[in-house]
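Just so you know, these numbers use all the heavy atoms, side chains as well, and skip hydrogens, waters and symmetry mates.
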Protein chains: 2
Amino acid sequence: MTEGRRERADAARNRHAILLATEELLARHRPEQISMEQVAAAAGVGKGTVFHRFGNRMGLMRALMAERALALHEAVTTGPPPLGPGAPSRERLLAFLDAVVDVVARNKGLLAALGHAVTTAHKPEEDPRSAHPVYQFWHDHITSLISQERSDLDAELLAHILLATLHSDPILRLLEQGDGQRLADSLRTLVTALLNASAGRTEPRNSRHPNAPQR
Amino acid sequence: MTEGRRERADAARNRHAILLATEELLARHRPEQISMEQVAAAAGVGKGTVFHRFGNRMGLMRALMAERALALHEAVTTGPPPLGPGAPSRERLLAFLDAVVDVVARNKGLLAALGHAVTTAHKPEEDPRSAHPVYQFWHDHITSLISQERSDLDAELLAHILLATLHSDPILRLLEQGDGQRLADSLRTLVTALLNASAGRTEPRNSRHPNAPQR
DNA sequence: ACCGTACTGGACCGTCGGTCCAGTTGTCCA
DNA sequence: TGGACAACTGGACCGACGGTCCAGTACGGT
């Protein structure tokens with residue numbers, strides 16, 4: 001981050017102001033209709049400053065998201081069980097999903113703002129590999145917990161499925177109406193059922209569309 | 001559709017050309033970077049025509065999606081089991097999910113193009129109620145099948161969760177690489193586990209985690 | 001054949017993401 | 001303390017895009 005120099009005081013102040021302004025706008029307006037100019041104006045800085053600090057719209061959203069997710073990140077890596085290390089994987093997983101729903105519920109618009117772009121670099125093939133760090137972390141964590149508990153499952157894919165929930169508009173809508181608990185409950189049900197399922201129980205690869213690629 | 005007059009021949013021709021051009025562009029380029037002008041040019045019509053027929057970007061995507069989903073719609077409502085009526089709900093559900101994955105896999109970019117907007121009217125509070133008809137239908141169908149099999153579950157929410165899968169960028173990426181079978185398998189596993197789970201097994205509404213990180 | 005109208009298409013508009021660069025200001029070092 | 005230098009600032013500017021408008025076109029009914 002800070003290579004060599006420290007961050008200049010005014011820069012830090014403006015950076016904070018921009019993030020704050022974005023937060024407020026996000027809380028009040030639909031995320032896809034807040035413009036960078038609006039953000040700049042609301043923060044009381046020039047547009048150039050915003051772009052200088054955050055590169056582009058996505059960068060701004062990423063930074064904001066990263067900040068919001070920080071507490072959770074710490075709770076998971078160094079906090080007490082069941083979120084932190086120490087509890088059995090199953091408990092950690094359930095606790096983590098609860099916590100993630102919580103974060104998302106408190107940041108309704110933000111996830112939507114990131115949108116699909118969360119994991120995508122959209123410019124002329126930048127590096128299609130790198131996902132949003134927050135997503136990356138969440139996904140890795142869930143993957144690891146699932147596979148610890150059930151090594152026979154496709155943990156990685158299932159983690160994507162679970163997280164996909166949080167990008168869904170109808171579900172975001174529910175969250176807006178305060179139905180976070182309902183979502184958390186269903187997620188618990190789902191995961192519990194998954195972890196309890198007997199291993200060979202699901203019918204294996206049936207022959208799909210003939211020209212569907214294998215793997 | 002055709003109230004009173006028939007659709008003019010040239011209009012039909014152009015409409016088809018536009019849809020076709022959109023398809024091709026969608027297949028070649030990232031969906032968020034194809035512009036309406038491009039579509040118009042590729043279809044060999046003026047921009048006005050495109051807007052006249054489809055209203056706006058979303059309308060175009062909707063129309064295309066509706067067309068793509070038509071076959072599935074018919075298979076479900078009037079086709080033979082297990083997709084159509086007649087088979088037990090569980091079989092129908094599994095078959096339907098397979099089929100949906102198939103449709104999505106064959107239309108990679110399209111879902112992403114619709115994006116979150118699938119269910120949202122974005123203009124100044126138009127009618128936040130109405131979802132994309134295709135989504136609506138898929139959701140209703142899944143909800144109904146789940147609740148027939150397991151009336152104790154929150155079928156509606158679970159249906160949203162299952163469908164959310166298809167809007168996820170990482171998963172769309174997998175689909176692009178031909179991993180449709182892998183996704184279908186995991187979905188089957190998930191649903192089977194869910195339907196098999198013993199009723200009271202999942203811990204009921206615990207009072208969210210006390211040490212969930214704040215803010 | 002001819003009339004009314006639905007359809008057409010390109011000029012046009014306002015907005016927005018992003019760039020640029022000249023001026024400013026914080027920080028380091030002597 | 002002061003000077004030099006780079007980092008930061010911010011607003012003018014640009015190209016692109018979604019969407020509107022409307023004069024002209026040509027389809028289809030009669």
Side-chain angles (χ1 to χ4, degrees), chain A residues 1-19 21-22 25-26 29-64 113-117 120-124 126, chain B residues 1-22 25-26 29-64 113-115 117 120-124 126:
Chain A
M1 285 276 125
T2 51
E3 58 260 18
R5 308 271 195 185
R6 257 164 62 220
E7 182 182 30
R8 261 169 59 171
D10 56 341
R13 199 175 346 108
N14 278 348
R15 183 152 149 283
H16 190 242
I18 291 169
L19 250 16
T22 308
L25 287 176
L26 228 30
H29 309 328
R30 280 257 139 208
E32 64 273 21
Q33 63 184 342
I34 72 147
S35 73
M36 297 300 267
E37 298 196 8
Q38 262 179 82
V39 170
V45 304
K47 195 159 66 156
T49 305
V50 178
F51 280 97
H52 178 74
R53 299 296 297 177
F54 299 102
N56 58 25
R57 181 196 198 72
M58 256 288 294
L60 174 58
M61 296 303 175
R62 278 193 200 204
L64 187 51
L114 286 165
H116 296 175
T120 317
H122 51 340
K123 275 296 171 191
E126 288 176 355
Chain B
M1 280 279 116
T2 52
E3 57 258 18
R5 307 273 195 186
R6 259 167 59 220
E7 181 181 30
R8 258 168 62 172
D10 56 342
R13 199 175 346 107
N14 279 347
R15 181 151 153 285
H16 191 242
I18 291 169
L19 251 16
L20 196 70
T22 308
L25 286 176
L26 228 30
H29 309 329
R30 282 258 140 207
E32 63 273 22
Q33 64 183 342
I34 72 147
S35 73
M36 298 298 267
E37 297 196 8
Q38 261 180 83
V39 170
V45 304
K47 194 159 65 156
T49 305
V50 178
F51 280 97
H52 178 74
R53 299 297 297 178
F54 298 102
N56 56 26
R57 181 196 197 71
M58 256 289 293
L60 174 58
M61 295 304 174
R62 278 193 201 206
L64 186 51
L114 286 164
T120 316
H122 52 339
K123 275 297 172 194
E126 288 177 353

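Taking CZ from A:R57 and CE from A:M36, the interatomic distance works out to 7.0 Å, rounded to the nearest 0.5 Å. To the nearest 0.5 Å, atoms OG1 (B:T49) and NE2 (B:H52) are separated by 8.0 Å.
The two residues A:A43 and A:A17 make their nearest non-hydrogen contact at CB-O, 3.7 Å. Shortest non-hydrogen contact noted between B:F54 and B:L19 is CZ-CD1, 3.9 Å. Annotation for A:Q33 and A:Q38: closest pair O-NE2, 3.4 Å, computed over non-hydrogen atoms.
For A:R57, taking side-chain heavy atoms from C-beta onward, the closest of the listed nucleotides D:dG19, C:dC16, C:dG18 is C:dG18. Here the nucleotide nearest the side chain of B:S35, chosen from D:dC8, D:dG28, D:dC17, is D:dC17.
Position along DNA chain C of the nearest nucleotide to B:A12 versus A:R13 favours B:A12 as the more 5'-ward residue.
Rounded to an integer number of Å, the gap from CG of B:D10 to C1' of D:dA26 is 7 Å. Taking atom CZ of B:F51 as the reference point, atom C1' of C:dC13 lies 13 Å away to the nearest angstrom. Atom C1' of nucleotide C:dT15 and atom CE of A:M36 are separated by 15 Å, given to the nearest angstrom. We find that CG of A:L60 is positioned 11 Å from P of C:dG18, with the value rounded to whole Å. Atom CD of A:Q38 and atom P of C:dG18 are 15 Å apart (whole Å). Summarising the geometry, the separation between CZ on B:R15 and C1' on D:dC27 is reported as 17 Å, rounded to the nearest angstrom.
Residue B:V39 is tested with B:L60, B:V45, B:L26 for a side-chain contact (heavy atoms from CB on, under 4.5 Å); the sole match is B:L60.
Note on B:R53: a side-chain N or O is less than 4.0 Å away from OP1 or OP2 of C:dC7.
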Would you list the protein and nucleotides 10-14 of chain D atom pairs, both N or O, that sit under 3.5 Å from each other?
unit_1	atom_1	unit_2	atom_2	d
D:dG10	OP2	A:G46	N	3.4
D:dG10	OP2	A:T49	OG1	3.2
D:dG10	N7	A:T49	N	3.2
D:dG11	O6	A:G48	N	3.4

